[in-house]
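Notes to accompany the following structure.
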Amino acid sequence: MSENDNQKKYQEEETENNIQEKTERPRRQFYIPSQIVDEFGEKGRDHLGQPFGGMMLLALTAGSFMTFGAIFSILIAEGVETQGLFHLLSGFGFAAGYAMVFISGAILFTEINVLLPSYLFNKSNLMKVNIYKFWGATYIGNILGAVMVAVLIELSGSLSPEFYSELSSYLDKKMKFMDHGVKGWFEVLVSGILANWLIGMAAFLTTAARDITGKILGTTLPVILFVAGNFQHSAANMGYFSMGVLASDKYAWYEYIWFNLIPASIGNLIGGGILVSLLFSYAYKEDLNTSLGKKKNGK
């Protein structure tokens, strides 16, 4: 048998083996971790490249979804006395807001704390001013979007007195750290680390999924956990506090900001940026593509 015949036979066997393997092993329905982190980097780069107007609109939209999520988390669990079921329903309700953010491409400050570091980890220009302008504008846009929806809901007169009674108990849980002074401020910070660690993993699981059902499920599980644990997530709290400022004078707006949003936001930066983004970026650095589609080693 000639060398050409042997090569042809070998190629036919390889083709047959490939066909058999494809038949026996269906294509994966999810991305592997290194692909997920690479996708984070791509999304972080794309967000930075957004025109200012478009970026602000997407930040406003994300903040709006947070208020809708807060409203739904209260409505769906209203009147439920069994604690386990209450936490499950409340978390499921808030997951609706996060699902709308993740799937629509809206820009949420706490999600950016996961996506942007994945991009910056591979870049040398960490001190560019536009990065910090982007972070600040996203944060302000989220707050404005949350307040805007809260105002519209109040003007609609749609919610019952029972809702506002339940909202008051939610606010008390969020603001209980005020009674602990400086210790409470740092407790919120640590709680914020835990919260965005979980939301970072929600983004991780959502990015891993390749169909809409998987994305919603991937979002829901970590959100239920962070809501049940009363971990302090600044973006989520923007939704609750926006309603609280308009509906009750029990807490002043500056108390919401100083005693919760500021320490929670610092914790969210640490939880999402370090414990999810940079941790996985470092762990998978040998397999990771940069945001420009090149291997880290230049190959």
Side chain proximity check, L159 to L75, heavy atoms < 4.5 angstrom: yes
Verdict with supporting geometry, F134 and I107, side-chain contact (heavy atoms from CB on, under 4.5 Å): CA-CA 10 Å; F134 173 77; I107 301 177; 4.2 Å; yes
F94-H233 aromatic ring centre distance below 6.0 Å: no
Spacing of S234 atom OG and I262 atom CD1 [to the nearest 0.5 Å]: 11.0 Å
Co-membership, hydrophobic cluster, residues W197 and I274, 4.5 Å side-chain: yes
Flag, side chain of S242 to backbone of M238, donor-acceptor distance under 3.5 Å: yes
Inter-residue atom distance Q232.CD - N260.CG, 0.5 Å rounding: 5.0 Å
Enclosure of F92 CZ (heavy-atom neighbours >12, cutoff 6.0 Å): no
Nearest-0.5 Å distance, CH2 of residue W185 to CZ of residue F259: 11.0 Å
is_close_aromatic(F231, F226), centroid dist under 6.0 Å: no
Ring-ring centroid check F204 F280, cutoff 6.0 Å: yes
Minimum heavy-atom distance L261-S265, with the two atoms named: O-OG, 2.6 Å
Linked, directly or transitively: I266 and V182 (ILVMFWY side chains, under 4.5 Å): yes
Nearest heavy atoms of G244 and L171, plus distance in Å: CA-CD1, 3.6 Å
Shortest non-hydrogen separation from F72 to G93 and the atoms involved: CD2-O, 3.3 Å
Any I36 side-chain heavy atom under 4.5 Å of Y284 side chain: no
Hphob cluster co-occupancy, L60 + Y240, side-chain heavy atoms under 4.5 angstrom: no
Donor on one side chain, acceptor on other, Y170 and S73, under 3.5 Å: no
Exceeds 12 heavy-atom contacts within 6.0 angstrom, atom CZ of F86: yes
Any donor-acceptor pair under 3.5 Å from S104 side chain to M100 backbone: yes
Hydrophobic cluster membership, L194 vs L189, 4.5 Å side-chain cutoff: yes
Donor-acceptor under 3.5 Å (N230 side chain, K173 main chain): yes
Nearest atoms (heavy-atom pairs only) where G214 meets D211: N-OD1, 2.6 Å
Main-chain N/O of E166 paired with S169 side-chain donor or acceptor, under 3.5 Å: yes
Any donor-acceptor N/O pair, S156 side chain to I153 backbone, under 3.5 Å: yes
Residues L108, M66; criterion side-chain contact (heavy atoms from CB on, under 4.5 Å); working and verdict: CA-CA 9 Å; L108 194 65; M66 289 297 95; 3.8 Å; yes
Cluster overlap M201 with L221, hydrophobic side-chain contacts below 4.5 Å: no
Side-chain heavy atoms of T138 within contact of H47, under 4.5 Å: no
Side chain to side chain, V223 and I199, heavy atoms closer than 4.5 Å: yes
Minimal non-hydrogen separation, K176 against H180, with atom names: O-NE2, 4.2 Å
Side-chain donor or acceptor of N196 paired with backbone N/O of T110 under 3.5 Å: yes
Criterion side-chain contact (heavy atoms from CB on, under 4.5 Å) on I74 and M243, from CA distance to verdict: CA-CA 12 Å; I74 295 173; M243 291 298 299; over 6 Å; no
Point-to-point distance, once rounded to the nearest 0.5 Å, from CG of D46 to CD of E39: 8.5 Å
Closest non-hydrogen atom pair between E255 and K250, with its separation: OE1-O, 4.4 Å
Test log, rule side-chain contact (heavy atoms from CB on, under 4.5 Å), inputs F65 and N142: CA-CA 9 Å; F65 292 156; N142 288 167; over 6 Å; no
From N268 atom CG to I112 atom CD1, the distance as rounded to the nearest 0.5 Å: 13.0 Å
Straight-line distance of Y256 OH to K174 NZ, nearest 0.5 Å: 12.0 Å
